[in-house]
Amino acid sequence: MSVLSKDFYARDPEVVARELLGKRLVRKLNDELMEGIIVETEAYYGAEDPASRASKGLKPHNKLMFEEPGRAFIYNVHNNWMFNIVAHKPGEVGAVLIRAVQPIKGIDIMKRNRPIEDITKLTSGPGRLTKAMKIDKSLNGVSVTSNKSEVYILSNNVKFKICRSHRIGVREDMQRELRFFIKGNPFVSR
DNA sequence: CGCCAGATTGACT
DNA sequence: GTCAATCTGGCGG
């Protein structure tokens, strides 16, 4: 298993969102290790995407979406941290939101961070997984393309079917369906 | 500094 | 299905 490089993210956000499914999100915090399989993502674009943080052009808070791919882009919504990875072709704008993971390592740590009985609700939502894996604004702008980073993505070799739908929770969506998830996986958000 | 929207969640009918 | 709590950060004055 190898760490996904910057090249992986230097493509169209939709392609990156689809291909991130099944990959492994690794969170290292001091001596502790947490890991989850990505089961749900959404793609976001630039000016053409009314739901995007970058829809109104370059601003200090969204400038990461305009910059080099492969870095974490994190912001707050309703007291929840959203974990995105900057992804776009050269000269373009975009990011992929990680909406849900299936926990596979450090589950006890995640449960400590987010006490809950039902494990399928531990990381099945963008705000849930960031809380369980202790991802917050302190990781904004951090590169996810090195295994020395506090957060990165590993390749994986699993088979599954991909479903798609419109994005969740956005005020104004695009015509295209830009949410992707693994068919039948119980850790996908509602 | 105050106002308020928001890529949510959890509780409840 | 509905609904409101809760808070960060953008933006106007």
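FYI, side chains are in, hydrogens and waters are out, and symmetry mates aren't considered; it's all heavy atoms of this structure. Order of the sequence lines fixes the chain letters, A, B, ..., with proteins taken first and strands second; residue numbering starts at 1 for each chain.
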- prompt: Considering all heavy atoms of both residues, which atom of A:Arg53 and which atom of A:Asn62 are nearest to each other, and what is their separation?
  reply: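 For A:Arg53 and A:Asn62, the tightest heavy-atom pair comes out as O-ND2, 3.0 Å.
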
- request: Apply side chain to side chain donor-acceptor pair (under 3.5 Å) to A:Asn80 and list each qualifying residue two or more places apart in sequence or on a separate chain.
  value: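 A:Asn80 satisfies side chain to side chain donor-acceptor pair (under 3.5 Å) with no residue once adjacent residues are dropped.
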
message: Tell me if a side-chain donor or acceptor on A:Ser55 pairs with a main-chain N or O of A:Ser52 at a distance below 3.5 Å.
response: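 Side chain of A:Ser55 to backbone of A:Ser52, a donor-acceptor pair under 3.5 Å: yes, one is there.
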
query: Could you run down nucleotides 1-13 of chain C 5' to 3' and tag each one B, S or - for protein heavy-atom contact under 4.0 Å?
result: -----SBSSSS--

query: Is the cationic atom of A:Arg11 (NZ for Lys, CZ for Arg) positioned less than 6.0 Å from the six-membered ring centroid of A:Phe8 and within 45 degrees of its normal?
result: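 Yes; both conditions hold, so A:Arg11 lies above the ring face of A:Phe8.
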
Which residues share a salt bridge (Lys or Arg N to Asp or Glu O under 4.0 Å) with [X], sequence neighbours left out:
| X | value |
| --- | --- |
| A:Arg114 | none |
| A:Arg71 | A:Glu67, A:Glu68 |
| A:Asp173 | A:Arg167 |

message: Per the side-chain hydrogen bond (donor to acceptor under 3.5 Å, both in side chains) rule, what does the pair list look like for residues 21-31 of chain A, sequence neighbours excluded?
response: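 Applying side-chain hydrogen bond (donor to acceptor under 3.5 Å, both in side chains) to every pair that reaches into residues 21-31 of chain A, excluding sequence neighbours, yields A:Arg24-A:Glu35.
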
task: Not counting sequence neighbours, list each pair that qualifies as a side-chain hydrogen bond (donor to acceptor under 3.5 Å, both in side chains) and has a residue in residues 180-190 of chain A.
output: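 Checked against side-chain hydrogen bond (donor to acceptor under 3.5 Å, both in side chains) - neighbours excluded - the pairs reaching residues 180-190 of chain A are A:Glu40-A:Ser189, A:Arg99-A:Ser189, A:Gln102-A:Asn185.
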
- prompt: According to the Watson-Crick and G-U wobble definition with distances under 3.5 Å, which dot-bracket string, read 5' to 3', encodes DNA chain B, using [ ] for crossing pairs and | for pairs with another strand?
  reply: ||||||.|||||.

- request: Would you mind listing every salt bridge (charged side-chain N to carboxylate O under 4.0 Å, His left out) that reaches into residues 135-159 of chain A, with sequence neighbours excluded?
  value: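 Salt bridge (charged side-chain N to carboxylate O under 4.0 Å, His left out) check on residues 135-159 of chain A returns no pairs.
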
- request: For A:Arg171, report the nucleic acid contact type (base, sugar-phosphate, nothing); a contact means any heavy atom under 4.0 Å.
  value: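 Sugar-phosphate, no base atom in range.
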
- request: Output the rest of the hydrophobic cluster of A:Tyr75: all Ile, Leu, Val, Met, Phe, Trp and Tyr residues reachable through side-chain heavy-atom contacts under 4.5 Å, sorted by chain and number.
  value: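 A:Tyr75 clusters with A:Tyr44, A:Leu58, A:Leu64, A:Met65, A:Phe66, A:Phe73, A:Val77, A:Met82, A:Val86, A:Val93, A:Leu97, A:Val170.
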
message: Within residues 107-132 of chain A, which residues have any heavy atom lying less than 4.0 Å from an atom of DNA chain C?
response: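 Nothing qualifies; none.
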
field: CD/A:Glu48: more than 12 non-hydrogen atoms of other groups inside 6.0 Å
entry: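 More than 12 within 6.0 Å, yes.
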
message: What is the first contacted nucleotide of DNA chain B and what is the last, in 5' to 3' order, if contact means an atom lying under 4.0 angstrom from a heavy atom of chain A?
response: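 Going 5' to 3' along DNA chain B, contacts run B:dG6 to B:dG10.
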
